[in-house]
Protein chains: 2
Amino acid sequence: MRVPVVQNILSANDQIAQENRKLFDSRHILVLNVMASPGAGKTSFIERTIETLRDRLRIGVIEGDLASTIDTERIARLDIPAVQINTGGACHLDANMIRTALPRLPLDRLDLLFVENVGNLVCPTEFALGERLKLVIASTPEGHDKPYKYPGMFSAADVLALNKIDLLPLLDFDLDNFRRGVAALNPDTALFPVSCKTGEGVQAWADWLLARQAER
Amino acid sequence: MRVPVVQNILSANDQIAQENRKLFDSRHILVLNVMASPGAGKTSFIERTIETLRDRLRIGVIEGDLASTIDTERIARLDIPAVQINTGGACHLDANMIRTALPRLPLDRLDLLFVENVGNLVCPTEFALGERLKLVIASTPEGHDKPYKYPGMFSAADVLALNKIDLLPLLDFDLDNFRRGVAALNPDTALFPVSCKTGEGVQAWADWLLARQAER
């Protein structure tokens, strides 16, 4: 007698993430899951990217926060479609939150979708959302030791930005040490040093992203 | 017939936290649970406090990180008893981790114990460790909107520090806005603006802490 064996069942979150991803792929939307510490500059980075690429790509944003609509108001001021998810107490977004937010976005008219996760260097990596790329943003005031202390996040990154490089002259930030920490975990990740304040480095990042979107 | 009803059972974590607290109280050790975003300057703040108070109080430190012993090495360089807890993947310390670390500290010869939690503005508030005070450290590069976005953490704080005030002239940080956000959640919390780089504000904090320790 053969008993039925069901294998490779996805978790509920992974199941929904896979459905989200199929939906995004079918519409050729490049989706980025943007993760960072609180205050690393996720929203500023998205704003700078929008400024730089808005004539080339149609961009949408999902903002995740425990509370408040501060970030979505910032994005909406740029006349970009944006939806706020408030997680209540949850320390990360999940795939079902994204699915629930999608009807509020004009998916037929998007090339690029930023999903700004809750500010947290630990929990968000464990929940796939359906994204194609995990973008991790570090910032210089946090210190160069973050890859060593939060290896899960820096291992998960498909691409990294290091924000607030305008502050480098004032900080004891060892860029080589930071790069070594990243390379030990994730040797092939592109790293873009940027300043969302001055705009330095943003063009190189935008060019890279534009090339990724063209692959969709 | 009366059925037995057992009420007010503590969770396993709260049970152990209560036992930790009794132990600390019996030895008149003031214990602080230090919480902040990654890179807000928790270790630097503890180092500055040690420098300022080491002639008045006997101080110990427990360092919590997902990985690495970087912070404990920093504290140990000051000839202060320190223990590193590596949580593996966990985004917060818990009471049993603290209990497990205690035999590595000279509790008979401590007046003050800092427990530096994992850098995270969400998860650590949900796990009591047995501390008397929850110290939350914000930092100016993170932005003035953090109380609005992480209300749980700022509500839980017994005392707050705002670090990196030496960078204020370079940042768009609205201190009044930050104070209003804190006051709305937690009107009675003391807030100490400090710079661990220059030492500004550290003495006022140390005086406050010394007074709290004297109450033990």
Side-chain angles (χ1 to χ4, degrees), chain A residues 36-44 63-71 73-74 84 86-92 116 118-126 138-155 163-164 166-167 169-173 177 181 185 196-197, chain B residues 36-44 63-71 73-74 84 86-92 116 118-126 138-155 163-164 166-167 169-173 177 181 185 196-197:
Chain A
S37 298
K42 294 182 290 302
T43 312
S44 301
E63 288 288 346
D65 280 297
L66 277 76
S68 91
T69 55
I70 295 170
D71 290 346
E73 288 162 25
R74 286 172 60 179
Q84 180 80 46
N86 280 157
T87 66
C91 52
H92 59 84
E116 183 181 330
V118 176
N120 187 319
L121 280 191
V122 188
C123 317
T125 55
E126 292 173 30
S139 70
T140 58
E142 295 169 55
H144 51 253
D145 59 2
K146 291 299 154 296
Y148 305 91
K149 289 185 175 174
Y150 300 88
M153 181 59 71
F154 287 86
S155 300
N163 190 20
K164 308 192 191 183
D166 54 292
L167 296 175
L170 294 143
L171 302 171
D172 305 317
F173 186 94
N177 189 307
L185 294 162
C196 291
K197 188 160 192 175
Chain B
S37 298
K42 293 182 290 301
T43 312
S44 299
E63 289 288 344
D65 280 296
L66 276 76
S68 92
T69 55
I70 296 169
D71 290 346
E73 288 163 26
R74 285 172 61 179
Q84 181 79 45
N86 280 157
T87 66
C91 52
H92 59 85
E116 184 181 330
V118 177
N120 187 320
L121 280 191
V122 187
C123 317
T125 55
E126 292 173 30
S139 69
T140 58
E142 296 171 52
H144 51 253
D145 58 3
K146 291 300 151 296
Y148 304 92
K149 290 185 176 174
Y150 300 88
M153 182 59 72
F154 286 86
S155 300
N163 190 20
K164 309 192 191 182
D166 54 292
L167 297 175
L170 294 145
L171 303 171
D172 305 316
F173 186 95
N177 188 307
L185 294 163
C196 291
K197 187 159 193 177

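Residue numbers start from 1 in every chain, and the chains themselves are labelled A, B, ... in the order their sequence lines are given, proteins ahead of strands.
Interface residue P141(A): backbone and side-chain heavy atoms are both found under 4.5 Å from chain B. Only the side chain of I70(A) has a heavy atom closer than 4.5 Å to any heavy atom of chain B.
Remark: E73(B) pairs with T69(B), R77(B) by the side chain to side chain contact (heavy atoms under 4.5 Å, CB included) rule, at least two apart or across chains. Applying the ring pair (Phe, Tyr, Trp, His ring centres under 6.0 Å) rule to F173(A) yields the partners H144(A), F178(A); only residues at least two apart in sequence or on another chain are considered.
Summarising the geometry of E142(B) relative to K164(A), their closest heavy-atom pair is N-NZ, 4.4 Å, with the distance given to 0.1 Å.
Ranked by heavy-atom pairs shorter than 4.5 Å toward chain B, the options G143(A), S37(A), G89(A) are led by S37(A). Top candidate by heavy-atom pairs under 4.5 Å with chain A, chosen from T140(B), N86(B), L170(B), is L170(B). Your options are C91(B), G152(B), S139(B), and the one with the most heavy-atom pairs under 4.5 Å with chain A is C91(B).
Using a 4.5 Å cut-off on side-chain heavy atoms (C-beta onward), N120(A) and N120(B) make contact. A heavy-atom distance below 4.5 Å is found between the side chains of C123(A) and C123(B). You'll find the side chain of P38(B) stays beyond 4.5 Å of the side chain of K149(A), heavy atoms only. The side-chain heavy atoms of L167(B) and L171(A), taken from C-beta on, include a pair separated by under 4.5 Å.
Interatomic distance, OG1 of T43(B) versus CG of D145(A), reported as 8.0 Å (0.5 Å rounding).
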